Amino acid sequence: MPLLPYFAFRDYPAGLEAQLMQAVTDTVSSKRYILGAHLEGFEQEFARYLGMAAAIGVGNGYDALVIALKAVGVGPGDEVVVPAHTFVATLNAVLQVGARPVLADPDKATNNLTAASAGKYITSRTKAILPVHLYGQVCQMQELQQLAQEHNLLLIEDAAQAHGAKYKNQLAGTFGHAAAFSFYPTKNLGALGDGGAVVTNSPALADFARRYRNYGESRKYQSELIGINSRLDELQAAVLRVKLPQLDVLNAERQRLAQVYLQALQGTGDLILPVTAPDCSHVYHIFSIRTEFRDQLQAWLQQQGIATAVHYPVPVHLQPAYRFLKYKPGDFPVAEELATTSLSLPLFPGLAQTEQQAVIQCITQFFN
Ligand SMILES: *Cc1c(COP(=O)(O)O)cnc(C)c1O
């Protein structure tokens, strides 16, 4: 078998690539590249998909988090509770607005932040809770909403890995005061470059986000606040308008592939397979398994020409960049264990049956 990458862009569903080429060509011909009809169209379509009042297209997922935090008023002196097991973007966004990220250990089974864990870190300075719907599974939001209400806190969702995932039949990104999405190309809804969106039901927050992403302008050369430049461009918006109607199809294919892995790998060695919590649909942005033999298994698969990934090999609290937060080894035992035992398998729309069977066979061989 030729090398199997951890992730590959495939023409799935068949014909999608041709549609994307057409959308790009049409946008080039339209001669409108910034803040045009495609952005407006995509914002409306994405908001409608989510059942939300507003979606605001921005430059990337990180900016979406920053703008959402700014919009709700998180700033210097505030603390924001974030999961200890996440991509650094979540923390960086909190730091960018001048607030302090306060880490909380995730749940071992789902890898997600829970209300029980977040609750331990609430102080008089806590302003918001920022759960991340990791790997494509929504956090247990009812408990988190209750916790936020009890303590009068803001709830902002990092939905960068969970487009189309549901909890109690409600979509990721629709539970908090605002949510941030990323359209990084490998995300479940991915552009052909950088992109992101802030979503909210609040007209005031939507209005702030819309102005803030475009130098604070409410009209051309009329600035009422000091904004930044973080606009989703027309090319990316046109691409996303082609892909959004396929999101559920793409997610269904991820779910089908996950079921194949789950059935074939059940009871293999000491493997712990991903768990879908009650009331959740999992859209498998990442299919992460756990084993005590992670490094050996990864090396073995690599030898057989199968690439894998580790999400995330060094927990944020042990990364050199965050030393100033004064955390130490042992502070977040679950995050630390996940970092040493997790391995993400190739899972992407268009992964061929022969490719997936090869992954399964190699893993089975390793444990025999
Ligand atoms: C991808 C991602 C982001 C950042 O998105 P970008 O578009 O790359 O800036 C933020 N949070 C999480 C959990 C992500 O996976």
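Sequential numbering from 1 along the given sequence is applied to the chain's residues. Indexing begins at 1, ligand by ligand and atom by atom, following the structure's order. As the structure is a computational prediction, the values presented were derived from the model and not from experiment.
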Taking the six-membered ring for Trp, are Phe367 and Phe293 parallel (under 30°), tilted (30 to 60°) or perpendicular (over 60°)?
perpendicular

Could you tell me whether a side-chain N or O of Glu253 sits under 3.5 Å from a main-chain N or O of Gly350, the two making a donor and an acceptor?
no

May I ask you to check whether Thr86 has an N/O atom sitting below 3.5 Å from an N/O atom of ligand 1?
no

For Val132, the ligand 1 atoms whose distance to one of its heavy atoms is below 4.0 Å
13 (C)

To check your reading of the model: name the closest protein heavy atom to atom 10 (C) of ligand 1, its residue, and the distance in Å.
Ala89 CB, 3.5 Å

Take the angle between the ring planes of Tyr261 and Phe287 and call it parallel below 30°, perpendicular above 60°, tilted in between.
tilted

Which part of Asp158 is near ligand 1, with near meaning a heavy atom under 4.0 Å away: side chain, backbone, both or neither?
side chain

Would Arg48 and Glu45 count as a salt bridge (charged side-chain N to carboxylate O under 4.0 Å, His left out) here? Give the steps.
CA-CA 5 Å; Arg48 195 177 316 135; Glu45 287 150 18; 5.7 Å; no

Look at the rings of His133 and Phe175 and say which category their plane angle falls in: under 30° parallel, 30 to 60° tilted, over 60° perpendicular.
perpendicular

Contact between Lys187 and ligand 1, counting heavy atoms under 4.0 Å?
yes

Would you check whether Leu134 has a nitrogen or oxygen atom less than 3.5 angstrom from a nitrogen or oxygen atom of ligand 1?
no

What I want to know is whether Ser182 and ligand 1 share at least one N or O pair that is separated by under 3.5 angstrom.
yes

Hey, is ligand 1 close enough to Tyr62 that some N/O pair sits below 3.5 Å?
yes

Ring geometry between Phe183 and Phe181 (parallel below 30°, tilted from 30 to 60°, perpendicular above 60°)
parallel

When distances are taken from atom 15 (O) of ligand 1, the protein heavy atom at minimum range is Gln161 NE2, 2.8 Å

Tell me, with the steps shown, if Asp207 and Arg210 meet salt bridge (charged side-chain N to carboxylate O under 4.0 Å, His left out).
CA-CA 5 Å; Asp207 189 53; Arg210 219 174 276 292; over 6 Å; no

